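Every value quoted in this text rests on a predicted model; they were computed, and no experiment measured them.
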Amino acid sequence: MTGRVRVVSLVPSLTETVARTLPGALAGATDWCTHPADLDVVRIGGTKNPKTGRIVGLAPDLVLANEEENRAEDLQVLRAAGLEVLVTEVRSVPQAFTELARVLTACGAGSRPRWLDEAEEAWAALPVPEHRLRAVVPVWRRPWMVLGRDTFAGDVLARLGVDHVHAGHAERYPRVPAEELRAARPDVVVLPDEPYRFTAGDGPEAFPGLPCALVSGRHLTWYGPSLAEAPRVLGEALRAARR
């Protein structure tokens, strides 16, 4: 596939990636695609429940998806309708850079964007942490769910000197009761504002006596232009929680 293509994105971070690099290439995106804020495209539902008929009607050259964020059965419907679907797998920071380059090439980018170089440089320049922290990282509440094994967000934190308690769990996003999370006595509880929107009044109160870092979910879990500033943004939030 060469030249500019017509794209529908089912992944918020990939939506931002394409919009930032190839303005005008996006024909559709999910309701959860919030960046850039002025994105004006057809909305095609959620990441887990996309309106496949609407996507087919947009007649895109390429649909962007992710093996974790999107359901295989929805992608099969799109393929059966004759659409090309590119499925990414991102479970580490280096893998994110590789997949972003692959996505942009498939979307017709003629050259590598400067922001991608800046993101790689930002992560390569990270100093070796002098002290490592143990963390519990909830991603949902009612029921409580946390980061487990083999996740992109877990790798992001590890590179910032934060080892999460459930990294060796058999599941990627295990359900763990709040009392068990508290009993782990982590150095910090990392609370992102997505997928569950943890706030100062909904999250920290469940962990009395433990430092809590309210962090940007976009910088913790998105792989796209936000990667360039993620080390700084997340680092500041973690330091503030430990003061």
Participant: Can you find a pair of side-chain heavy atoms, one from His219 and one from Pro231, that are under 4.5 Å apart?
Facilitator: no
Participant: Give the minimum heavy-atom separation between Arg149 and Ala170, together with the two atoms involved.
Facilitator: NE-O, 2.8 Å
Participant: Val136, Leu214: one ILVMFWY side-chain cluster at the under-4.5 Å cut-off?
Facilitator: yes
Participant: With a 4.5 Å cut-off on side-chain heavy atoms, are Val190 and Leu238 touching?
Facilitator: yes
Participant: Side chains of Phe152 and Leu220: closer than 4.5 Å at any heavy-atom pair?
Facilitator: no
Participant: Drop me the distance from Glu16's CD to Ser226's OG, to the nearest 0.5 angstrom.
Facilitator: 5.5 Å
Participant: Does CZ belonging to Arg102 count more than 12 external heavy atoms closer than 6.0 Å?
Facilitator: yes
Participant: What's the verdict on side-chain contact (heavy atoms from CB on, under 4.5 Å) for Leu100 and Leu227, showing C-alpha distance, side-chain angles and the deciding distance?
Facilitator: CA-CA 11 Å; Leu100 287 168; Leu227 277 170; 4.0 Å; yes
Participant: Are any of the side-chain heavy atoms of Pro174 and Val146 separated by less than 4.5 Å?
Facilitator: yes
Participant: Decide yes or no on salt bridge (Lys or Arg N to Asp or Glu O under 4.0 Å) for Asp117 and Arg112, but give the supporting numbers first.
Facilitator: CA-CA 8 Å; Asp117 288 334; Arg112 183 181 173 90; 2.5 Å; yes
Participant: Considering all heavy atoms of both residues, which atom of Gly45 and which atom of Lys51 are nearest to each other, and what is their separation?
Facilitator: CA-NZ, 4.1 Å
Participant: Between atom CD of Glu229 and atom CH2 of Trp115, what is the distance when rounded to the nearest 0.5 Å?
Facilitator: 12.0 Å
Participant: Between Val18 and Leu26, is any pair of side-chain heavy atoms under 4.5 Å apart?
Facilitator: yes
Participant: When clusters are formed by joining ILVMFWY residues with side-chain heavy atoms under 4.5 Å apart, either directly or through shared neighbours, do Leu147 and Phe198 land in the same one?
Facilitator: yes
Participant: Answer yes or no: are there more than 12 heavy-atom neighbours, outside Trp32 itself, under 6.0 Å from its atom CH2?
Facilitator: no
Participant: Between His166 and Val176, is a side-chain contact (heavy atoms from CB on, under 4.5 Å) present by the stated rule, with each step listed?
Facilitator: CA-CA 10 Å; His166 300 92; Val176 183; 4.0 Å; yes
Participant: Do Thr47 and Val11 pass the side-chain contact (heavy atoms from CB on, under 4.5 Å) test, and can you show the C-alpha distance, the side-chain angles, and the key distance before you say yes or no?
Facilitator: CA-CA 7 Å; Thr47 57; Val11 186; over 6 Å; no
Participant: Evaluate Val63 against Ser9 for side-chain contact (heavy atoms from CB on, under 4.5 Å), listing each step before the verdict.
Facilitator: CA-CA 6 Å; Val63 177; Ser9 173; over 6 Å; no
Participant: Does one hydrophobic cluster hold both Leu86 and Trp222, with members joined at side-chain heavy-atom distances below 4.5 Å?
Facilitator: no
Participant: Just wondering, do Glu89 and Glu68 contact through their side chains at under 4.5 Å, heavy atoms?
Facilitator: no
Participant: Quick one, His35 and Arg218 - any side-chain contact, counting heavy atoms below 4.5 Å?
Facilitator: yes
Participant: First locate atom CG of Leu78, then atom CD1 of Ile55, and finally report the distance between them rounded to the nearest 0.5 Å.
Facilitator: 5.0 Å
Participant: What pair of heavy atoms forms the shortest contact from Arg43 to Asp31, and how long is it?
Facilitator: CB-OD1, 3.3 Å
Participant: Give the cluster check for Val103 versus Val85: same hydrophobic cluster or not, with ILVMFWY residues linked at side-chain heavy-atom distances below 4.5 Å.
Facilitator: no
Participant: What I'd like to find out is whether the side chain of Leu64 reaches to under 4.5 Å of the side chain of Val8, using heavy atoms alone.
Facilitator: no
Participant: Would you please indicate if the ring centroids of Trp144 and Phe207 are separated by under 6.0 Å?
Facilitator: yes
Participant: Mind checking the CG-CG spacing from Asp202 to Asp193? Nearest 0.5 Å is all I need.
Facilitator: 12.0 Å
Participant: State the CG-OG1 distance between Leu14 and Thr88, to the nearest 0.5 angstrom.
Facilitator: 5.0 Å
Participant: Which value, rounded to the nearest 0.5 Å, describes the distance between Leu191 atom CG and Tyr196 atom OH?
Facilitator: 10.5 Å
Participant: Please say yes or no: joined through hydrophobic side-chain contacts below 4.5 Å, possibly via intermediate residues, are Val233 and Leu160 part of one cluster?
Facilitator: no
Participant: Taking atom CZ of Arg134 as the centre, does the number of heavy atoms from other residues, nucleotides or ligands within less than 6.0 Å exceed 12?
Facilitator: yes
Participant: Is Glu180 paired with Arg175 through a side-chain N to carboxylate O contact shorter than 4.0 Å?
Facilitator: no
